[in-house]
S.K.: 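First the structure, which I've put down as structure tokens, then a few questions once you've had a look.
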2 protein chains.
Amino acid sequence: MPNGRFATALHLLTLLHVKEGELLSSDYMAGSVNVNPAVVRKELKNLGDHGLVSSKEGRGGGYALGKPAVQIYLSDVYRIVSERPVLGRTNDPNPDCPVGKQINDHLGDLYHRADEVLLAELGQLTLEVFGRKFD
Amino acid sequence: MPNGRFATALHLLTLLHVKEGELLSSDYMAGSVNVNPAVVRKELKNLGDHGLVSSKEGRGGGYALGKPAVQIYLSDVYRIVSERPVLGRTNDPNPDCPVGKQINDHLGDLYHRADEVLLAELGQLTLEVFGRKFD
DNA sequence: AATTACTGTAACAAAGGTTATTACAGAATA
DNA sequence: TATTCTGTAATAACCTTTGTTACAGTAATT
């Protein structure tokens with residue numbers, strides 16, 4: 001994962017948690033994260049599709065958590081924003097080479113285990129616990 | 001890590017291990033991994049700078065493992081090829097926002113722990129063990 | 001000595017993926 | 001009806017990674 005989507009998503013969720021009770025606009029949140037409002041809306045829509053965020057359209061609308069922060073695990077966030085395995089992508093090796101023919105299968109196993117341990121680690125933290133670190 | 005350097009590096013090291021005793025050329029290895037020979041030379045030079053690979057210049061030269069495969073941990077490989085934390089980069093949030101001001105510190109802690117568990121997992125495998133999977 | 005076959009390395013091009021930007025339709029409130 | 005939001009698409013800008021080309025340096029071979 002070369003990008004900053006995890007950081008962005010967790011920042012957004014933390015804002016929603018810290019300001020629980022109010023509806024936050026994408027413009028406001030974009031100002032805190034320092035990214036474009038349209039990017040915020042896209043990411044929040046994505047998180048919303050997975051139940052972590054709810055939204056209200058129209059004037060006076062905005063975003064809120066879609067479920068209690070104690071039920072949002074950081075592993076959920078990771079799963080939602082990262083489409084590629086942690087260890088990166090694989091190549092398209094030469095099938096005529098004994099190593100090339102088999103390497104992707106073995107890399108696949110390894111990548112899978114790496115994702116597992118990462119998810120296990122992130123699964124130990126909820127948004128509520130993470131949010132306690134903030135004043 | 002959005003890229004394929006880990007896969008490339010491990011493929012190269014596996015080739016060197018499987019064909020231990022001979023010197024392999026960057027052209028040959030590039031043919032197995034299916035990437036450009038110059039890319040192979042760059043990556044092998046990098047692995048060599050960290051002691052995992054030795055090289056011999058000039059005619060009849062090539063590459064070999066720099067130390068026994070039982071002493072090469074996959075965590076070493078990961079450390080060498082990945083300059084960014086697994087969870088990705090962070091943003092440059094607004095310091096005027098309470099959350100924005102602190103988020104990168106807390107993300108930093110999280111990223112550090114994520115890297116730790118990943119390294120611990122990869123540290124359980126050596127190149128020798130990984131290489132047993134191949135015919 | 002000259003040739004050959006390699007690595008080491010730099011410079012630059014190409015490709016791919018991520019984020020920014022702009023724009024506007026649609027929804028809900030005032 | 002005007003306003004203020006989200007939802008969403010299209011496109012541009014940017015950045016990172018990989019590919020490509022080229023050539024200097026080194027060591028064996030002839």
Side-chain angles (χ1 to χ4, degrees), chain A residues 1-9 11-12 15-16 22-31 33-50 52-66 80-85 87-93, chain B residues 1-9 11-12 15-16 19 22-31 33-50 52-66 80-85 87-94:
Chain A
M1 185 164 55
N3 61 9
R5 284 185 64 195
F6 181 81
T8 301
H11 189 149
L12 295 173
L15 284 171
L16 295 175
E22 1 179 357
L23 288 181
L24 305 184
S25 73
S26 60
D27 265 41
Y28 169 77
M29 303 178 88
V33 183
N34 197 24
V35 295
N36 194 282
V39 171
V40 169
R41 292 199 287 274
K42 261 181 272 188
E43 198 59 78
L44 287 172
K45 171 60 166 54
N46 184 32
L47 292 166
D49 288 343
H50 290 84
L52 304 203
V53 165
S54 71
S55 65
K56 183 164 179 285
E57 293 189 8
R59 180 172 181 159
Y63 300 90
L65 289 184
I80 291 170
V81 301
S82 76
E83 49 263 320
R84 315 209 160 278
L87 291 181
R89 61 175 186 69
T90 53
N91 296 302
D92 296 312
Chain B
M1 186 161 56
N3 60 10
R5 283 185 64 197
F6 181 81
T8 301
H11 189 149
L12 295 173
L15 284 172
L16 294 175
K19 305 243 177 188
E22 3 178 357
L23 289 179
L24 304 185
S25 73
S26 60
D27 266 41
Y28 169 77
M29 303 178 88
V33 182
N34 196 24
V35 295
N36 194 283
V39 171
V40 169
R41 292 199 287 274
K42 263 181 269 188
E43 198 59 76
L44 287 172
K45 172 61 165 54
N46 184 32
L47 292 166
D49 288 343
H50 291 84
L52 304 204
V53 165
S54 72
S55 65
K56 183 162 178 288
E57 292 190 6
R59 179 171 179 160
Y63 300 90
L65 288 184
I80 291 170
V81 301
S82 76
E83 49 262 321
R84 316 211 159 276
L87 291 182
R89 60 176 187 69
T90 53
N91 296 301
D92 297 312
N94 185 349

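In what follows, chains are A, B, ... by sequence order, proteins preceding strands, each numbered from 1. Both backbone and side-chain heavy atoms feed into the values below; hydrogens, waters and symmetry mates do not.
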S.K.: What's the closest nucleotide to the Arg89(B) side chain, out of dT29(D), dT18(C), dT6(D)?
M.R.: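 So the side chain of Arg89(B) is nearest to dT18(C).
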S.K.: Walk me through it: do Leu16(A) and Leu44(A) pass the test side chain to side chain contact (heavy atoms under 4.5 Å, CB included)?
M.R.: CA-CA 11 Å; Leu16(A) 295 175; Leu44(A) 287 172; 4.2 Å; yes
S.K.: Ignoring backbone atoms, test whether Ser55(A) places a side-chain nitrogen or oxygen under 4.0 Å from the OP1 or OP2 oxygen of dG7(D).
M.R.: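 The answer is yes; a side-chain N or O of Ser55(A) sits under 4.0 Å from OP1 or OP2.
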S.K.: Rounded to the Å, how far apart are Asp27(B) CG and dG19(D) P?
M.R.: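 Roughly 14 Å, once rounded to whole Å.
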S.K.: Pick base, sugar-phosphate or nothing for Lys56(B), based on heavy-atom distances below 4.0 Å to the nucleic acid.
M.R.: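 The residue Lys56(B) makes sugar-phosphate contact but no base contact.
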S.K.: I need the CZ-P distance between Arg5(A) and dT19(C), as an integer number of Å.
M.R.: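 Value for this atom pair: 8 Å.
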S.K.: Taking all non-hydrogen atoms of both residues into account, name the closest pair between Leu15(A) and Leu24(A) and its distance.
M.R.: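 Minimum heavy-atom contact is O-CD1, 3.8 Å.
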S.K.: Round to a whole Å and report the spacing from CG of Asn46(A) to P of dT6(D).
M.R.: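 These atoms are roughly 16 Å apart.
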S.K.: Let me spell it out: for each of Lys42(B) and Asn91(B), pick the nucleotide of DNA chain C with the closest heavy atom. Which residue's pick is nearer the 5' end?
M.R.: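 Residue closer to the 5' terminus by nearest nucleotide: Lys42(B).
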S.K.: To the nearest Å, give me how far apart OH (Tyr28(B)) and P (dT7(C)) are.
M.R.: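 Those two atoms, OH and P, are 14 Å apart.
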S.K.: Within the distance-only criterion (no hydrogens, no angle test), does the side chain of Asn36(B) pair as donor or acceptor with the backbone N or O of Ala38(B) below 3.5 angstrom?
M.R.: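 Looks like yes, one N/O pair under 3.5 Å.
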S.K.: Could you give the CG-to-P distance, from Leu23(A) to dT4(D), as a whole number of Å?
M.R.: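 Taking CG of Leu23(A) and P of dT4(D), I get 17 Å after rounding.
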S.K.: Any side-chain N or O of Tyr63(B) less than 4.0 Å from the OP1 or OP2 oxygen of dG8(C)?
M.R.: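 Checking Tyr63(B) against dG8(C): at least one side-chain N or O falls below 4.0 Å of OP1 or OP2.
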S.K.: Want to settle it: does Thr8(A) or Leu44(B) sit nearer the 5' end of DNA chain C, counting the closest nucleotide to each?
M.R.: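 Checking each residue's closest nucleotide, the 5'-ward one belongs to Leu44(B).
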S.K.: Specify the separation, in whole Å, of atom CZ of Arg84(B) and atom P of dT18(C).
M.R.: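 After rounding, the gap between these two atoms is 14 Å.
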S.K.: Would you indicate, yes or no, if dT6(D) has its OP1 or OP2 atom less than 4.0 angstrom from a side-chain nitrogen or oxygen of Ser26(A)?
M.R.: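 So the side chain of Ser26(A) is within the cut-off, an N or O lying under 4.0 Å from OP1 or OP2 of dT6(D).
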S.K.: Compare the minimum distances between each of dG7(D), dA5(C), dT26(D) and the side chain of Glu57(B), then state the nucleotide with the smallest one.
M.R.: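 Selected nucleotide (nearest to the side chain): dT26(D).
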S.K.: Is Asn36(B) near enough to dT18(D) that one of its side-chain N or O atoms lies under 4.0 angstrom from OP1 or OP2?
M.R.: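 No, because none of the side-chain N or O atoms of Asn36(B) sits under 4.0 Å from OP1 or OP2 of dT18(D).
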S.K.: Side-chain contact, heavy-atom cut-off 4.5 Å: Lys42(B) with Asn46(B)?
M.R.: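 Side chain of Lys42(B) against side chain of Asn46(B), heavy atoms only: no contact under 4.5 Å found.
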S.K.: Tell me the interatomic distance from Glu22(B), atom CD, to dC6(C), atom P, rounded to whole angstroms.
M.R.: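 To the nearest whole Å, that distance equals 13 Å.
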S.K.: Taking Asn34(A) for the side chain and Asp92(B) for the main chain, is one N or O donor matched with an acceptor at less than 3.5 Å?
M.R.: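 Flag set: sc Asn34(A) to bb Asp92(B) pair under 3.5 Å.
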S.K.: Taking the nucleotide of DNA chain D with the closest heavy atom to each, which residue, Lys45(A) or Val39(B), is nearer the 5' end?
M.R.: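 The answer here is Lys45(A).
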S.K.: Whether Arg41(A) contacts dT21(C) is assessed here as follows: a side-chain N or O lying under 4.0 Å from the phosphate OP1 or OP2. Is that the case?
M.R.: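 Answer is no, no contact under 4.0 Å.
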S.K.: Specify the separation, in whole Å, of atom CG of Asn34(B) and atom C1' of dG19(D).
M.R.: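 In whole Å, dG19(D) C1' and Asn34(B) CG are 12 Å from each other.
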